[in-house]
Amino acid sequence: MIEPRTLKGFRDHLPAQALARERVLEIARRVYRSYGFAPIDTPALEYLEILTGKGSDETDKQLYRFQDHGGRDVGLRFDLTVPFARFAAQHVHELGLPFKRYHMAAVWRGENTQRGRYREFMQCDFDTIGTASPVADLEMVLVVHDLLAAIGIERFTIRLNDRRVLAGILGRLGLADQSMSVLRSLDKLGKATPEAVAAELAAHGVAAEAAAALLEMASLAGPPVDVLARLSALVGDEEQGRAGVAALAVIVARAREAGVPDGRVAIDPSIARGLDYYTGIVLESFLDDLPALGSICSGGRYDNLAGLYTKQHLPGVGASLGIDRLLAGLEELGRVATVETPAEVFLVHFDERHIADYLRIATAIRAAGMAVEFFPEAKKVGQQLKLAAKRGFPAALVIGSDEFAAGTAQFKNLSTQQSVTIDWHGDLHVLADAVHSQLEAAKHT
RNA sequence: GUGGCUAUAGCUCAGUUGGUUAGAGCAUCGGUUUGUGGUACCGAGGGUCGCGGGUUCGAGUCCCGUUAGCCACCCCA
């Protein structure tokens with residue numbers, strides 16, 4: 001016998017989990033579409049050269065790669081952004097610009113696993129390519145906000161920064177060459193003490209004065225307007241940095257005007273993002289109740305990525321919801337429903353002699369737009385109801401010989417255990433309509 | 001990838017200094033109740049103790065390896 005098992009970091013999804021995931025996917029789809037993003041799809045497997053050297057050394061290491069049967073060097077996509085840049089370069093002429101797309105699909109990363117970190121997980125990306133407009137940047141923030149709010153998360157923070165601010169300050173301090181190692185050290189703030197980080201910076205050859213300025217920058221917090229004022233001072237008259245601060249200021253102001261509540265958007269100068277391709281605004285979002293989970297939705301502007309595949313200038317901006325990590329977080333917070341069925345009505349199989357009637361009833365209920373499961377066996381009613389309750393059906397329909405004789409039906413609310421008698425006199429339309437209104441009423445209890 | 005912790009029935013866990021047929025609660029199935037689910041009682045099924053080696057007269061219990069999960073680093077979704 002073969003032991004049934006799954007690879008490290010790869011998971012099965014049981015109905016309760018799969019239903020929760022589909023609910024979030026539906027919300028994401030709805031929100032993306034509400035801004036005009038159109039669906040696309042790309043292959044899971046790409047030529048290796050398409051994927052390597054785009055994110056960072058780290059992402060190259062985590063890439064799943066192998067030779068296919070034809071001896072081609074191939075890789076499983078690491079994210080959805082790089083394949084999209086290839087897609088955009090390849091299809092610009094058919095798309096028209098700017099082009100907005102969403103893409104919800106699995107990606108693969110061969111890294112060590114942890115809660116909310118898997119080797120196969122699904123991302124829900126949306127991007128706008130072919131425009132450098134600040135409106136597209138702002139829209140990214142608005143979509144992320146709408147998305148997390150629509151999912152039903154009350155407490156979250158979207159943390160913004162701009163690569164140009166970092167680059168500007170580093171340039172001003174004469175540290176442009178060591179930006180990666182400096183950023184990596186700064187990233188440890190919060191976990192390590194400022195003194196320890198300062199020591200690490202000194203080890204990298206950063207002068208004490210510069211280190212102090214960097215530490216001040218990275219630890220800035222508070223209302224966005226205040227942080228921006230301080231950043232503005234740190235940036236001085238460095239051109240790039242000023243552009244970054246100005247861009248952030250616009251986004252903060254516009255987001256507020258667009259109705260994003262204060263406190264949900266923060267400026268966090270310590271957010272750098274490990275992906276090399278970001279050039280402007282960068283964003284990470286966190287659950288306030290579970291910050292250790294890491295970012296659940298991240299993105300930014302990447303103005304040169306598609307340039308790797310075409311001479312045409314295709315600036316892009318977009319973000320990605322990590323739905324598997326988000327669900328791991330919601331589950332930990334007890335916010336994932338335990339429903340195991342997509343159906344709304346459980347039709348009890350009471351009497352085998354009425355199978356034809358049950359099937360007609362089920363058909364009528366389905367025709368009225370409801371999902372109904374007819375139990376295949378005439379087991380004890382108690383057992384059937386118990387299973388229905390366990391699966392999370394909101395309601396059961398009980399129709400036995402007595403009910404058939406009287407032309408009635410019992411509509412049972414499975415959460416309140418209350419039964420209502422429906423008079424339908426053999427008219428399937430009457431029955432379906434009554435079930436529909438009872439179901440609506442039950443949903444509001 | 002590096003380091004640490006964990007691994008016993010579907011789930012949560014007991015299992016005494018290694019010693020005869022590995023236990024409990026919950027869950028599942030059946031019965032008390034051939035027409036009604038979260039209560040009660042009775043009964044049943046289910047584990048080669050993650051897997052593979054080793055030490056020993058004897059290993060769930062000790063050692064090594066391996067696989068998986070979790071935690072930290074790293075990085076991020």
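If you're wondering where the values come from, they're calculated on a predicted model, not measured in any experiment. Below, chain A is the first sequence line, B the second, and so on; all start at residue 1.
- Residue Gly116(A) is in base contact, counting any heavy-atom pair closer than 4.0 Å across all strands shown.
- At a threshold of 4.0 angstrom between heavy atoms, the contacts of Cys124(A) with the nucleic acid are absent.
- Put simply, the side chain of Arg301(A) never gets that close to the backbone of Val317(A): no donor and acceptor are under 3.5 Å apart.
- With hydrogens and angles ignored, a donor-acceptor pair under 3.5 angstrom links the side chain of Glu403(A) to the base of G35(B).
- Look at Asp125(A) and Arg101(A) and you find a salt bridge, because one of the NZ, NE, NH1 or NH2 atoms lies within 4.0 Å of a carboxylate O, short of that distance.
- Taking the 5.5 Å centre cut-off and the 30° plane limit, the aromatic side chain of Phe350(A) is not classed as stacked on G35(B).
- At the heavy-atom level, Asp402(A) lies under 4.0 Å from base atoms of the strands shown.
- On the P atoms, C49(B) is 14 Å away from G23(B), given to the nearest whole Å.
- If you check every strand for non-hydrogen atoms under 4.0 Å, Gly329(A) touches nothing.
- Remark: His436(A) NE2 is loosely packed, at most 12 non-hydrogen atoms of other residues, nucleotides or ligands lying under 6.0 Å away.
- Leu414(A) comes within 4.0 angstrom of a base, heavy atoms only.
- The existence of a salt bridge linking Lys54(A) and Asp79(A) is excluded, since no basic side-chain nitrogen approaches an acidic carboxylate oxygen closer than 4.0 Å.
- Using a 4.0 Å heavy-atom criterion, one finds that Ser401(A) contacts the bases of the nucleic acid, with or without backbone contacts as well.
- Shown here, C41(B) forms a base pair with G31(B); the pair counts as Watson-Crick or G-U wobble because both key distances fall under 3.5 Å.
- Counting non-hydrogen atoms under 4.0 angstrom, Asn413(A) reaches a base of the nucleic acid.
- Residue-to-nucleotide contacts include a donor-acceptor pair under 3.5 Å from the side chain of Arg117(A) to the base of C75(B).
- Using a 4.0 Å heavy-atom criterion, one finds that Lys412(A) contacts the bases of the nucleic acid, with or without backbone contacts as well.
- The side chain of Lys386(A) contributes an N or O atom lying less than 4.0 Å from OP1 or OP2 of U28(B).
- Ser415(A) comes within 4.0 angstrom of a base, heavy atoms only.
- Distance from the side chain of Lys8(A) is smallest to A68(B) among C70(B), A68(B), G30(B).
- Contacts of Gln384(A) with the nucleic acid, taken as non-hydrogen atoms under 4.0 Å apart, are absent.
- Residue contacts for Glu120(A): at a heavy-atom cut-off of 4.0 Å it reaches no nucleic acid atom on any strand shown.
- Interatomic distance, Glu111(A) CD to Lys8(A) NZ, rounded to the nearest 0.5 Å: 10.5 Å.
- Here A77(B) is the nucleotide among A77(B), U32(B), U2(B) with the atom lying nearest to any side-chain atom of Tyr118(A).
- As rounded to the nearest Å, G50(B) and G60(B) have C1' atoms that lie 12 Å from one another.
- Atom CG of Asn112(A) and atom C1' of C74(B) are 10 Å apart (whole Å).
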